[in-house]
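These notes concern the structure reproduced below.
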2 protein chains.
Amino acid sequence: MSNTVAAAEMPLAFRPMPGQVQSIARAAAILRLLASSSGRLGIGEIARSLDLPKGTAHGIVRTLQDVGFVEQDKTSGKYQLGAALLHLGTSYLDVNELRSRSINWADPLAARSGEAVRIGTLLDGKVLVVHHVFRPDDTLQTLDVGSLLPPHATAIGKVLLAYDVGAANTVMQGEPEPYTRRTVVTARTLSQALTKIRENGWGAEIEEMTLGEAGIAAPIRGYGGLVVGAIGLSGPVDRVCDGQGQPRPTLVAYVRDAARAVSRDLGAARW
Amino acid sequence: MSNTVAAAEMPLAFRPMPGQVQSIARAAAILRLLASSSGRLGIGEIARSLDLPKGTAHGIVRTLQDVGFVEQDKTSGKYQLGAALLHLGTSYLDVNELRSRSINWADPLAARSGEAVRIGTLLDGKVLVVHHVFRPDDTLQTLDVGSLLPPHATAIGKVLLAYDVGAANTVMQGEPEPYTRRTVVTARTLSQALTKIRENGWGAEIEEMTLGEAGIAAPIRGYGGLVVGAIGLSGPVDRVCDGQGQPRPTLVAYVRDAARAVSRDLGAARW
DNA sequence: GAACCCCGGTCGACAATGTCGAACACTGTT
DNA sequence: AACAGTGTTCGACATTGTCGACCGGGGTTC
């Protein structure tokens with residue numbers, strides 16, 4: 001009786017999808033909220049942000065705490081992400097095939113090119129870094145496996161968007177954040193860039209994320225030819241690009257070779 | 001009907017705690033299961049392992065898939081952990097105070113000692129590595145942030161157990177796995193070792209995890225003096241220990257100094 | 001110091017929610 | 001061709017989680 005009514009009046013935020021376990025979806029939303037607003041949140045803030053009754057939010061958070069996904073700072077009473085998530089996250093890395101197949105090829109690419117190498121995949125419209133090899137030289141760099149990069153301002157990201165029209169549309173619908181003067185922010189230019197990437201089979205980014213830095217990336221295809229990720233290198237503009245401000249052909253070849261090698265490994269895999 | 005019976009016969013792992021959201025607890029169990037049995041699992045295996053009806057397990061897994069915590073291999077239909085967990089895990093690292101306070105002190109410790117440094121905390125009776133600094137020399141080492149180490153066979157683990165009687169009892173109740181001939185496996189010897197650690201304020205491990213390797217660790221105390229983690233170094237026996245097979249006093253001092261420094265940082269922190 | 005406000009946490013009644021098992025569609029094997 | 005697997009769907013039932021009012025305590029403000 002009130003089923004249909006409730007479904008019709010629902011805020012449309014939670015669509016009456018075939019069989020979504022409500023409490024789990026809410027729990028996931030809380031975890032994402034805690035992850036995004038880095039820091040500690042109180043029950044009240046959580047409940048307000050997700051438009052949940054305080055009691056309900058508390059029940060979910062308590063359970064998340066029991067399973068170790070959430071921790072509570074006993075003095076302030078506020079909540080933050082829990083340690084169990086760290087282990088789950090790295091467990092994901094162990095299983096992730098894109099990563100495991102890439103490792104063997106990422107190191108040589110870094111060695112040959114002399115630049116830092118990253119492998120990423122699309123997660124929720126952003127670039128999730130699943131592997132990262134430091135630039136061979138000593139300089140201290142921070143490992144950013146697990147972090148999210150902007151898709152429109154990185155070589156890897158643009159390559160991934162080029163082969164995922166859905167994600168590309170989503171990005172263009174939103175307002176891409178400008179990081180430098182050269183960051184692509186309009187849907188028109190981005191769309192053109194993606195078309196060019198599809199034609200060439202590789203993509204680049206020059207000072208669109210940070211001044212003085214550039215990157216080159218190529219798509220990695222999995223079983224069936226679907227693009228499942230991208231591999232790319234990044235470094236100072238004067239090393240990555242030639243005199244004409246174009247990505248050096250030799251580096252492009254390196255990246256494309258690595259991408260092909262990983263794709264071959266992935267395509268051959270079966271069970 | 002089977003409610004009371006089931007509750008009475010329940011392995012005590014799932015107690016009828018005041019207000020556990022059942023579906024969330026089950027979802028967490030599924031994620032843990034996927035993490036432990038590394039690889040892909042089918043719905044049937046999941047349902048069987050957790051003693052759930054197939055339909056129920058499927059509903060939960062579908063939801064987990066919708067939120068990105070689980071991915072499905074379309075060819076085999078089996079499930080594995082999802083990419084969203086990776087980001088949540090690293091987000092935890094960003095927030096984790098033990099880690100952030102430790103970083104500044106872990107590097108100098110590694111530099112002074114010339115050995116690899118790890119910082120860990122207890123998670124579910126095991127040692128969760130929250131930070132890891134490579135040995136200064138070049139040799140390639142694998143980053144094991146996020147992995148779980150055995151508590152009874154590592155210096156960090158034994159230190160953590162020494163200040164957590166609950167976890168210590170749990171470990172002794174189970175059957176500690178022997179890695180080498182020197183691994184402490186009996187409750188008696190382990191208990192003695194923990195007592196000694198409490199007396200000394202630091203602990204060591206010599207070839208108990210892997211032959212030829214040794215480690216030294218000291219506890220890190222948080223606000224209020226509670227032990228919240230441990231910091232330790234590890235390396236070849238002949239470098240970590242002196243002629244008498246004892247941990248070198250200078251290294252012990254280094255480790256204890258670092259632990260104190262981090263503790264001071266943590267204790268002073270307030271908001 | 002006492003009013004106030006906000007915090008996190010608790011409790012119990014209600015019904016919406018998730019659970020459950022049988023049935024389905026499909027694949028590969030026997 | 002029958003079988004034994006798989007993952008998936010569906011609907012009826014009642015268990016389950018939700019909800020809002022109610023505690024108890026720490027700050028702050030007047």
Side-chain angles (χ1 to χ4, degrees), chain A residues 1-11 13-30 34 39-67 70-80 270-271, chain B residues 1-7 10 14-30 34 39-67 70-80 270-271:
Chain A
M1 40 167 296
S2 59
N3 269 343
T4 53
V5 180
E9 288 184 9
M10 243 179 190
F14 292 141
R15 60 265 167 141
M17 217 186 188
Q20 269 254 36
V21 178
Q22 185 191 59
S23 54
I24 294 178
R26 286 174 169 179
I30 290 179
L34 285 173
R40 284 156 272 266
L41 291 180
I43 268 289
E45 303 174 83
I46 294 173
R48 222 171 302 123
S49 301
L50 273 54
D51 199 30
L52 288 176
K54 220 180 5 172
T56 304
H58 178 62
I60 296 173
V61 169
R62 175 167 12 95
T63 307
L64 287 175
Q65 182 176 238
D66 287 337
V67 297
V70 155
E71 290 171 0
Q72 183 176 30
D73 183 42
K74 237 330 174 189
T75 70
S76 69
K78 302 201 167 187
Y79 295 93
Q80 59 173 336
R270 65 188 52 136
W271 29 84
Chain B
M1 32 177 287
S2 59
N3 268 343
T4 52
V5 180
M10 246 179 189
F14 291 144
R15 60 263 169 144
M17 218 185 186
Q20 271 255 38
V21 178
Q22 186 191 58
S23 54
I24 295 178
R26 286 173 168 178
I30 289 178
L34 284 172
R40 285 155 270 268
L41 290 180
I43 252 307
E45 304 174 82
I46 294 173
R48 222 172 301 123
S49 301
L50 272 56
D51 200 30
L52 289 176
K54 222 177 9 170
T56 305
H58 178 63
I60 296 173
V61 169
R62 177 170 6 99
T63 308
L64 287 175
Q65 182 178 236
D66 287 336
V67 297
V70 156
E71 291 171 358
Q72 184 176 29
D73 183 42
K74 239 327 175 192
T75 71
S76 70
K78 300 202 167 190
Y79 294 95
Q80 60 173 340
R270 64 191 49 142
W271 36 87

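The structure presented is a predicted model; accordingly, all values stated were derived computationally and were not measured. Below, read A as the first sequence line, B as the second, and so on, with proteins coming before strands; counting in each chain starts at 1.
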Q: Just call it for Lys54(A): base, sugar-phosphate, or nothing, with non-hydrogen atoms closer than 4.0 Å on any strand.
A: base
Q. Nearest nucleotide by nearest heavy atom, which residue falls closer to the 5' end of DNA chain C, Gly44(A) or Thr56(B)?
A. Gly44(A)
**Q.** Minimum-distance pair of heavy atoms, taken over all atoms of Leu50(B) and Ala29(B)
**A.** CD2-CB, 3.7 Å
**Q.** Atom-pair distance (CD on Glu45(B); P on dA4(D)), nearest Å
**A.** 19 Å
Q) Counting any heavy atom closer than 4.0 Å, what does Ser23(A) reach on the DNA or RNA strands: base, sugar-phosphate only, or nothing? A) sugar-phosphate
Q) Where is the tightest heavy-atom contact between Ser23(B) and Ile24(A), given as atom of each residue plus distance? A) O-CD1, 3.6 Å
Q) How long is the line joining NZ of Lys78(B) and P of dC26(C), in whole Å? A) 21 Å
Q | Integer-rounded Å distance: dC7(C) P and His58(A) NE2 | A | 15 Å
Q | Nearest-Å distance for atom pair CZ/P, residues Arg62(B) and dT9(D) | A | 6 Å
Q. Taking CD from Gln22(A) and P from dA16(C), how many angstroms apart are they, rounded to a whole number?
A. 12 Å
**Q.** Along DNA chain D (nearest heavy atom to each residue), the more 5'-positioned of Ile24(B) and Gly55(B)
**A.** Gly55(B)
Q.
Counting only side-chain nitrogens and oxygens, does Arg48(A) get under 4.0 Å of the OP1 or OP2 atom of dC7(C)?
A. yes
Q) Should Arg26(A) and Ile30(A) count as side-chain neighbours, where that means a heavy-atom distance under 4.5 Å? A) no
Q. Mind checking the C1' distance from dT17(C) to dA13(C)? Whole angstroms is fine.
A. 15 Å
(Q) Using the rule side-chain contact (heavy atoms from CB on, under 4.5 Å), only one of Ile46(B), Thr56(B), Leu34(B) pairs with Val61(B); which is it? (A) Ile46(B)
Q) Picking from Arg62(B), Gln65(B), Glu45(B), what satisfies side-chain contact (heavy atoms from CB on, under 4.5 Å) with Tyr79(B)? A) Gln65(B)
Q: Measure from CG on Asp73(B) to P on dT8(D) and round the result to the nearest Å.
A: 12 Å
Q. Tyr79(B) has a side chain; which of dT8(D), dT19(C), dT18(D) sits nearest to it?
A. dT8(D)
Q. Which one, dG8(C), dG7(D), dC19(D), comes nearest to the side chain of Gln72(B)?
A. dG7(D)
Q: In whole angstrom, give me the gap between the C1' atoms of dA12(D) and dA15(C).
A: 15 Å
Q) Rounded to the Å, how far apart are Arg40(A) CZ and dC7(C) P? A) 18 Å
**Q.** Distance in angstrom units between Asp51(B) CG and dC20(C) C1', rounded
**A.** 13 Å
